[in-house]
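Computed over heavy atoms, backbone and side chain alike; hydrogens, waters and symmetry mates excluded. Along the sequence shown, residues carry numbers from 1.
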Amino acid sequence: MAKNKNKKHRSIIYVKNNFTCVYCGLFFEKPNNWDRKSAIHNGYMFLEIDHIIPLSKGGSDLIENKQCLCQKCNNTKSNKIIEKEVVYG
């Protein structure tokens, strides 16, 4: 059940963040055949869903606590809490 919820959340978060990494501003073009449950990939890396406040730090699994990060930014952030959601803007 959680897996299906996360796939549903993924499409909502992608749209909420305009298919863009909220840290570096890298835009990921939505594929024409996107099924709304698949991860977005730009040929080099995935646009990942990140917990703003990590679960390991007491964050929730609610949509409001999720954001889009490219793989590079997500790996750099790890389980840190960053105060500002949109770094590039």
- Quick one: list whatever passes side-chain hydrogen bond (donor to acceptor under 3.5 Å, both in side chains) with Ser38, sequence neighbours left out. Asp35
- Item | Listed partners of Asn32 passing side-chain hydrogen bond (donor to acceptor under 3.5 Å, both in side chains), at least two apart |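 Residues passing side-chain hydrogen bond (donor to acceptor under 3.5 Å, both in side chains) with Asn32: none at all.
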- Query: Does a side-chain heavy-atom distance below 4.5 Å link Cys68 with Tyr14?
  - Reply: yes
- Side chains of Tyr23 and Ile82: does their closest heavy-atom pair fall under 4.5 Å?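 Tyr23 reaches Ile82 side chain to side chain.
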- Message: Could you see if Leu69 belongs to whatever hydrophobic cluster contains Leu55? Use Ile, Leu, Val, Met, Phe, Trp, Tyr and a side-chain cutoff under 4.5 Å.
- Response: no
- Query: Using the benzene-type ring in the case of Trp, are the ring centres of Trp34 and Phe28 under 6.0 Å apart?
  - Reply: no
Please tabulate, for the side chains in residues 44-54, all donor-acceptor contacts under 3.5 angstrom to protein atoms that are two or more places apart in sequence or on a different chain.
unit_1	atom_1	unit_2	atom_2	d
Glu48	OE1	Asn74	ND2	2.7
Asp50	OD1	Lys77	NZ	3.3
Asp50	OD2	Gln67	NE2	2.8
Asp50	OD2	Lys77	NZ	3.1
His51	NE2	Asp61	OD1	2.7

- Query: Closest heavy-atom contact between Ser56 and Asn79?
  - Reply: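 Shortest heavy-atom separation between Ser56 and Asn79 comes out as OG-ND2, 3.5 Å.
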- Task: Write down the atom of Cys24, the atom of Cys70, and the distance for their closest heavy-atom approach.
- Result: SG-SG, 3.9 Å
- For the pair Lys30 (side chain) and Val15 (backbone), establish whether a donor and an acceptor sit closer than 3.5 Å, ignoring hydrogens and angles. no
- Task: Please confirm whether the backbone N or O of Lys8 pairs with a side-chain atom of Ser11, one donor and one acceptor, at under 3.5 Å?
- Result: yes
- Task: To the nearest 0.5 angstrom, please state how far the NE2 atom of His9 sits from the CG atom of Leu62.
- Result: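 One gets 7.5 Å once the value is rounded to the nearest 0.5 Å.
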